[in-house]
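See structure below.
Here is how names work: the chains are called A, B, and so on, in the same order as the sequence lines, proteins then strands, and each is numbered from 1.
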Amino acid sequence: MPELPEVETVRIGLSSLLPGLQIKAVTHDWPKSFPNAPAEVAEFLIGARVSGVRRRAKVLIIDLDTDYSLVIHLKMTGQLVFRSTIAHFGAGHPNDSLIGNLPDKSTRVILTFFDGSKLFFNDQRKFGWMRLLPAAAVEQLDFFQKVGPEPLASDFTADDFIKRLRRRNKSGIKAVLLDQTVVAGIGNIYADESLWGAKIHPEVKVCDIPEALLKALYEALRSVLQLSIEKGGSTDRNYVNHEGKRGSYLTFARVFRREGRPCPRCGTTIIKMRVAGRGTHICPRCQRV
DNA sequence: CACTTGACCTGTCCGC
DNA sequence: TGCGGACAGGTCAAGT
């Protein structure tokens, strides 16, 4: 669920809060959430100061002044919530906050800083993880070696996009969009939204899609991702930002989670189907190619 | 090789 | 009300 716009929203939030903070303590209740703790934690995490927060694909990277980095993948239900003082560890406004007192039963890791603030890594389904790695080792991770380009990078062109799609010419377009080695950061929500935008059926093979439609898909994908970042991402069930607040993109979604409701373009009822093993939302009239 | 399926997990929702 | 099963869907590994 956290896809590129959700992780980017968290990055933006934490970038204004974490740099300069010094780590005092770490607790973790679920070994797989922090698999290489505690081996190197005492030496390279405790006492370290945060020097910056980055994102690559759906991965968040918290850089430390020990030349180590915390690499974090939220997978489906991960949350990173920052609370500045004990007084604020309680619930936020009920209208916009999905979580209350922290830690709660899905808290896996807590970073405590010397000023009393805390960063909570919550993960209901325990698929997410956090790893402490030498900064130089981060880009050597198998995932980063294979992951495709950032779709919002200024130098990522429609030609680049189409060339990469063409390498999977015989595969269905949705499966290709979800393949992180083709383009980074796209998940189920933005695959469905961008395919609707370009009027492409998710099961159509790449080789059967006209060039002009692939170019439209490039434009739709970039504008959907950009809009979602502006709206703070999508909150379907679990996603919250660094303040524990929901994102509002789904208010603007055209097809995702809108089965049974009219297509905003032609009024045809949106249907839900299964493509590439995922719940997939389409307008059966608009998306016929 | 490319695709599909299963595993990793928990919470929610639906039908009986 | 309780209970089993389907479903949610990011990524990797194993199977077809």
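- Within the structure, every pair that satisfies the salt bridge (charged side-chain N to carboxylate O under 4.0 Å, His left out) test and touches residues 220-240 of chain A, not counting sequence neighbours, is listed here: A:D236-A:R257.
- Ring planes of A:Y190 and A:Y249: tilted class, angle from 30 to 60°.
- The side chain to side chain donor-acceptor pair (under 3.5 Å) with A:D179 is formed by just one residue from the set A:R167, A:R168, A:K146; it is A:R168.
- If you check every strand for non-hydrogen atoms under 4.0 Å, A:R167 touches nothing.
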Decide yes or no on side chain to side chain contact (heavy atoms under 4.5 Å, CB included) for A:I271 and A:I282, but give the supporting numbers first.
CA-CA 6 Å; A:I271 60 169; A:I282 67 161; 3.7 Å; yes
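- Between the side-chain ring of A:F127 and the base of B:dC8, a stacking contact exists by the 5.5 Å and 30° definition.
- Here the P atom of nucleotide C:dA8 and the CG atom of A:L178 are 14 Å apart, to the nearest Å.
- Between A:F34 and A:H28, the ring planes lie perpendicular to each other; the angle is over 60°, past the 30° to 60° tilted range.
- With both ends at atom C1', the span from B:dC13 to C:dG10 equals 22 Å, rounded to whole Å.
- The ring pair (Phe, Tyr, Trp, His ring centres under 6.0 Å) search around A:F127 returns none, not counting sequence neighbours.
- Ring geometry, A:Y218 versus A:F161: the interplanar angle falls from 30° to 60°, so the pair is classed tilted.
- Between A:H242 and A:F82, the ring center distance fails the sub-6.0 Å criterion.
- B:dC1 sits 23 Å from C:dT11 when the P atoms are compared, rounded to a whole Å.
- We find that CG of A:D192 is positioned 15 Å from C1' of C:dG10, with the value rounded to whole Å.
- Counting heavy-atom neighbours within 6.0 Å of A:R166 CZ, excluding the residue itself, gives a total above 12.
- One can place CZ of A:R131 at 13 Å from P of C:dT11, the figure rounded to the nearest angstrom.
- Residue order along DNA chain B, read from the 5' end via each residue's closest nucleotide, puts A:A175 first among A:A175 and A:W30.
- A:W129 comes within 4.0 angstrom of nothing in the nucleic acid, heavy atoms only.
- A close approach under 4.0 Å does not occur between any side-chain nitrogen or oxygen of A:K170 and OP1 or OP2 of B:dA2.
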All N/O contacts under 3.5 Å from nucleotides 11-13 of chain B to the protein, with atom names and distances to one decimal?
residue, atom, partner, partner atom, Å
B:dG11, O4', A:Q124, OE1, 3.3

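- A salt bridge does not link A:E6 with A:R55: none of the charged nitrogens is closer than 4.0 Å to a carboxylate oxygen.
- Among the nucleotides B:dC9, C:dC12, C:dG10, the one closest to the side chain of A:R125 is B:dC9.
- In this entry the distance linking CZ of A:R278 with C1' of C:dG10 reads 7 Å, nearest Å.
- Of the possible polar contacts, one joining the A:N188 side chain to the A:G279 backbone as a donor-acceptor pair under 3.5 Å is found.
- Looking at DNA chain C, the stems built from 3 or more consecutive Watson-Crick or G-U wobble pairs, each pair with its key distances under 3.5 Å, are B:2-8 with C:10-16, B:10-16 with C:2-8.
- Within residues 201-211 of chain A, no residue is approached by DNA chain B to less than 4.0 Å at the level of any non-hydrogen atom.
- One can place CD of A:Q180 at 14 Å from P of C:dG9, the figure rounded to the nearest angstrom.
- Between A:K32 and B:dC8 there is no side-chain polar atom (N or O) within less than 4.0 angstrom of OP1 or OP2.
- Rounded to whole Å, atom P of C:dA6 lies 15 Å from atom NZ of A:K272.
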If you apply the rule side chain to side chain contact (heavy atoms under 4.5 Å, CB included), what do you find for A:L227 with A:V224, and how did you get there?
CA-CA 5 Å; A:L227 174 64; A:V224 157; 5.9 Å; no
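- Of the residues A:L177, A:L213, A:V206, the one that meets the side-chain contact (heavy atoms from CB on, under 4.5 Å) test with A:I200 is A:L213.
- Rounded to an integer number of Å, the gap from A:D179 CG to C:dA13 C1' is 15 Å.
- Clustering ILVMFWY residues whenever any of their side-chain heavy atoms sit less than 4.5 angstrom apart, transitively, puts A:F114 in a cluster other than the one holding A:L64.
- Going from the P atom of B:dG11 to that of C:dC12 covers 25 Å, rounded to whole Å.
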Step-by-step salt bridge (charged side-chain N to carboxylate O under 4.0 Å, His left out) determination, A:D123 to A:K75:
CA-CA 9 Å; A:D123 186 15; A:K75 289 291 181 83; over 6 Å; no
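- One can place CZ of A:R274 at 12 Å from P of B:dT4, the figure rounded to the nearest angstrom.
- Near DNA chain C, meaning a heavy atom under 4.0 Å from it, residues 69-79 of chain A has A:H73, A:K75, A:M76 in order of number.
- Taking atom P in both C:dG9 and B:dA2, the straight-line distance is 26 Å, to the nearest Å.
- If you find the closest nucleotide of DNA chain C to A:F256 and to A:K146, the one lying nearer the 5' end belongs to A:F256.
- Here A:K126 does not reach the OP1 or OP2 of B:dC8: none of its side-chain N or O atoms lies under 4.0 Å away.
- C:dG2 and B:dC9 are spaced 28 Å apart, taking the P atom of each and rounding to whole Å.
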Evaluate A:M130 against A:R108 for side chain to side chain contact (heavy atoms under 4.5 Å, CB included), listing each step before the verdict.
CA-CA 10 Å; A:M130 177 181 288; A:R108 308 296 166 214; over 6 Å; no
